[in-house]
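Small disclaimer: the values here were computed from a predicted structure and weren't measured. In each ligand, atom 1 is the first atom listed, and ligand 1 is the first ligand listed.
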Amino acid sequence: MNLTVDRVSKTYKDKKAVDHFSADLQEGVYALLGPNGSGKSTLMRMMASILRPTSGRILLDGRDIATLDDAYRDVLGYMPQEFGVYKNFTAERFLRYFASLKGLGKKEAEEKIDELLTLVNLQGDRKRKAGRFSGGMKRRLGIAQALLNDPKVLIVDEPTAGLDPKERIRFRNLLSDISQDRIVLLSTHIVSDIESVAKEVLLMKEGALVRQSPVEVLLEEMTGKVWRTVVDEKEAKVIQARYQVSNIMRTAAGNTLRIISEEKPHVRAGNTEPTLEDVYVHFFDEEADDGV
Ligand SMILES: Nc1ncnc2c1ncn2[C@@H]1O[C@H](COP(=O)(O)OP(=O)(O)OP(=O)(O)O)[C@@H](O)[C@H]1O
């Protein structure tokens with residue numbers, strides 16, 4: 001299976017939110033990583049066929065999703081960023097409602113709902129009102145909703161926003177469990193969410209794709225460019241003005257700096273193992289959000 005984004009652009013009035021974005025996805029988890037406002041939601045809404053591109057095409061196995069229309073929606077699961085639940089619906093009623101919208105028969109729906117509530121670990125809460133759920137539970141219910149039609153393409157926009165660290169881990173595991181035989185695309189600006197689950201990372205900046213690579217390749221490219229040194233406050237300021245600093249840890253011994261640089265940035269600096277956060281800082285020149 002191939003989902004191809006072919007030079008897709010979207011312009012809102014005078015704002016170019018997505019700019020000639022091209023990518024090719026097969027089965028597995030892909031992470032769309034970029035700062036706020038880089039165009040991730042706009043791109044995903046186009047890939048979910050909710051929004052029409054201003055130009056360019058999106059193809060599933062060579063066929064335009066705009067032409068496939070309902071045939072595409074039959075194989076698509078989508079969880080938008082702003083995911084609302086009907087407050088007074090119980091979890092199971094909410095899923096029954098969406099199952100009927102998606103055209104599932106009654107018996108088929110009950111079986112699927114049962115299976116999905118177990119998968120997202122909400123079986124014990126199925127008769128509780130979704131309005132009382134925590135952020136993490138609502139998002140898990142959202143994923144169950146997106147999986148009702150057993151989609152071949154699953155698009156989830158910022159699935160871990162607002163979740164606590166434990167919920168984020170649970171979510172990550174869930175995504176990797178369901179990624180077999182499906183294309184899963186998730187967006188995030190939280191680096192630690194994707195380091196262990198993503199097959200490839202798509203780095204998005206100002207509407208454009210800057211890189212599509214496996215995590216290992218991105219890390220490999222940074223080898224020898226990430227440095228660690230302990231300096232006093234004055235030296236720290238000088239280094240910060242001259243180099244990209246991905247982290248500063250202030251301790252009694254001084255300031256421990258992680259620096260990204262082609263050259264050795266300080267006499268006492270030594271190379272250290274790169275992380276995806278360093279990659280993020282390198283490409284976006286801003287501090288990574290660790291999501292905590
Ligand atoms: N309906 C709209 N009308 C006008 N401009 C918009 C609209 N939707 C988004 N934009 C603008 O397009 C750009 C990309 O927005 P988008 O929401 O796609 O980015 P994002 O990467 O998903 O950001 P975030 O992580 O904050 O949601 C932003 O500058 C945003 O202000």
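Contacts of Lys40 with ligand 1, taken as heavy-atom pairs under 4.0 Å, involve both backbone and side chain. Within the 4.0 Å heavy-atom criterion, the part of Glu158 lying near ligand 1 is the side chain and not the backbone. Contacts of Pro35 with ligand 1, taken as heavy-atom pairs under 4.0 Å, involve the backbone alone.
Proximity of atom 31 (O) of ligand 1 to the protein is not indicated, since no non-hydrogen protein atom lies closer than 4.0 angstrom.
Taking CZ of Arg258 as the reference point, atom CH2 of Trp227 lies at 13.0 Å (rounded to 0.5 Å).
Electrostatic pairing of Arg250 and Glu233 counts as a salt bridge here, judged by a charged N lying under 4.0 Å from a carboxylate O.
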Verdict with reasoning, Lys107 to Glu110, per salt bridge (charged side-chain N to carboxylate O under 4.0 Å, His left out): CA-CA 5 Å; Lys107 185 163 175 285; Glu110 287 311 311; over 6 Å; no

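The closest non-hydrogen atom to atom 16 (P) of ligand 1, taken over Leu51, Leu43, Leu33, Thr42, comes from Thr42.
A donor-acceptor contact shorter than 3.5 Å links the side chain of Lys10 to the backbone of Arg52.
The shortest separation from a heavy atom of Gly39 to ligand 1 is under 4.0 Å, placing the residue in contact.
Among protein heavy atoms, the minimum distance from atom 29 (O) of ligand 1 is reached at Lys15 CE, 3.1 Å. Taking atom 27 (O) of ligand 1 as the reference point, the nearest protein heavy-atom neighbour is Gln81 OE1, 3.3 Å. Considering only non-hydrogen protein atoms, atom 17 (O) of ligand 1 sits nearest to Ser41 CB, 3.7 Å. Looking only at heavy atoms of the protein, atom 9 (C) of ligand 1 is closest to Tyr12 CE1, 3.4 Å. Looking from atom 12 (O) of ligand 1 to the surrounding protein, the closest heavy atom is Ala17 CB, 3.4 Å.
The side chain to side chain contact (heavy atoms under 4.5 Å, CB included) test with Arg140 singles out one residue from Val120, Leu116, Leu117, Leu119, and that residue is Val120.
By the side-chain contact (heavy atoms from CB on, under 4.5 Å) test, Arg228 pairs with Thr256, Thr272, sequence neighbours left out.
In terms of N/O distances under 3.5 Å, ligand 1 is approached by Gly37.
Side-chain contact of Tyr280 with Thr275: a donor-acceptor pair under 3.5 Å is absent, judged by distance alone. Checked by atom type, the side-chain pair Ser41/Asp157 shows a donor-acceptor distance below 3.5 Å.
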